[in-house]
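One structure is given below, encoded as structure tokens.
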Number of protein chains: 2
Amino acid sequence: MTDIEKTLENKGVRPTAMRILIYKYLAEKEVAIALTDMENAFSKADRTTLYRTLKTFEEKRIVHQIDDGTNISKYALCEPGCNCEMEQDLHLHFHCDNCDETVCLTEHKIPHINLPDGYVAENANLVIKGICDKCSGQ
Amino acid sequence: MTDIEKTLENKGVRPTAMRILIYKYLAEKEVAIALTDMENAFSKADRTTLYRTLKTFEEKRIVHQIDDGTNISKYALCEPGCNCEMEQDLHLHFHCDNCDETVCLTEHKIPHINLPDGYVAENANLVIKGICDKCSGQ
DNA sequence: TGTTTCATGCAACGGAAGTGCAATTATTGC
DNA sequence: GCAATAATTGCACTTCCGTTGCATGAAACA
Ligand SMILES: [Mn+2]
Ligand SMILES: [Mn+2]
Ligand SMILES: [Zn+2]
Ligand SMILES: [Zn+2]
């Protein structure tokens, strides 16, 4: 039993061949992945299977969904021990307008915001757009 | 010539009847408006006209587009004299999970974020989700 | 082994954004 | 005013992404 299989089982997901492949794919990419990216990478697998795998992973807190403002849902593996929905774990995301890639900046947490009276914050999403380190040539 | 007509002309938009109605509608709503909302409010007008009017308004900086994470684009009138794309004018948006409405918190600017080396920020989007003042009963 | 539960594949649907083109309306030059 | 021109509006259609229903296949269980 490999590390990935153990991880999946720990999260309550049966480690099928497909799921292991998808996990590996997510692990080796350092950027957020869209369903379409998956489709291209796994031309043999069905779109629905990829879709449902991502949803299962999300539910079991293996990945978190990222809304980077492109209107295309992206996904990235959660950090070990992260509580995606807890305020202290909400990190920001960076979307590069040049290469169109989105990355997690897991070290950069979303600052706490004081809201007007009556507003109760439960979640937050902060996306910075611009040019990424690869594209800025630095 | 009414105030609205003047405003539109100043922004370089011909004040047609339709556009004046749409502007009025946006002005009297205190929440961000989706294209579908428009369709319901103006059942006589064609969807495309509403769509293109919003795009024109956006281009001419009469409204700004809001991505609140629902994957439905919303629009709200810009504050007088605002430079939507300038960093100092980027305010945050609040989406209520209860009533599903999104509001501009124009007084709450997005805090400046220090990025890792090589990343160049050009724009930012911060959406807080939770319960709005009306729904929290306060 | 037989039964049940879960995963996968195929097909179709739905909502929202966007586009080409024709028709209508407003503006301009004479 | 009237023809020529430009801008706006309406209709039809497309595309893209996300999502669901249902049948089939594989794995776990008893
Ligand atoms: Mn992330
Ligand atoms: Mn706003
Ligand atoms: Zn880049
Ligand atoms: Zn509310």
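Residue numbering restarts at 1 for every chain, and letters A, B, ... go by the order of the sequence lines.
- Rounded to an integer number of Å, the gap from NZ of A/Lys44 to P of C/dG9 is 10 Å.
- No chain of hydrophobic side-chain contacts below 4.5 Å, direct or via other Ile, Leu, Val, Met, Phe, Trp or Tyr residues, connects B/Ile66 to B/Leu105.
- Atom pair A/Ile72:CD1 and D/dT19:P shows a separation of 13 Å (rounding to whole Å applied).
- A 4.5 Å side-chain heavy-atom check between A/Glu39 and A/Leu50 finds at least one atom pair inside the cut-off.
- The residue among A/Asn71 and A/Asp46 whose nearest nucleotide of DNA chain C is located toward the 5' end is A/Asp46.
- Rounding to whole angstrom units, CG of residue A/Leu8 and P of C/dA7 are separated by 11 Å.
- Between B/Lys60 and B/Lys55 the shortest side-chain heavy-atom distance does not fall below 4.5 Å.
- With a 4.5 Å cut-off on side-chain heavy atoms, B/Glu101 and B/Cys132 do not count as touching.
- Side-chain nitrogen and oxygen atoms of B/Thr16 include at least one within less than 4.0 Å of the OP1 or OP2 phosphate oxygen of D/dT9.
- For B/Asp67 and C/dA17, the CG to P distance is 11 Å, given to the nearest whole Å.
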Between the protein and nucleotides 21-29 of chain D, list every N/O to N/O distance that falls short of 3.5 Å.
unit_1: D/dG21; atom_1: O6; unit_2: A/Arg52; atom_2: NH2; d: 3.0

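- Contacts with DNA chain D (heavy atom under 4.0 Å) in residues 18-40 of chain B: B/Met18, B/Arg19, listed by number.
- Side chain to side chain, A/Thr102 and A/His95 meet the donor-acceptor criterion of an N or O pair below 3.5 Å.
- Contact annotation: A/Lys55 side-chain N/O to D/dT19 OP1/OP2 distance is under 4.0 Å.
- Separating the CG atom in A/Asp68 from the CG atom in B/Asn125 is a distance of 10.5 Å, to the nearest 0.5 Å.
- In this structure, A/Lys29 places its NZ atom where only 12 or fewer heavy-atom neighbours from other residues, nucleotides or ligands lie under 6.0 Å away.
- Using modelled atom types, no side-chain atom of B/His108 and backbone atom of A/Leu115 make a donor-acceptor pair closer than 3.5 Å.
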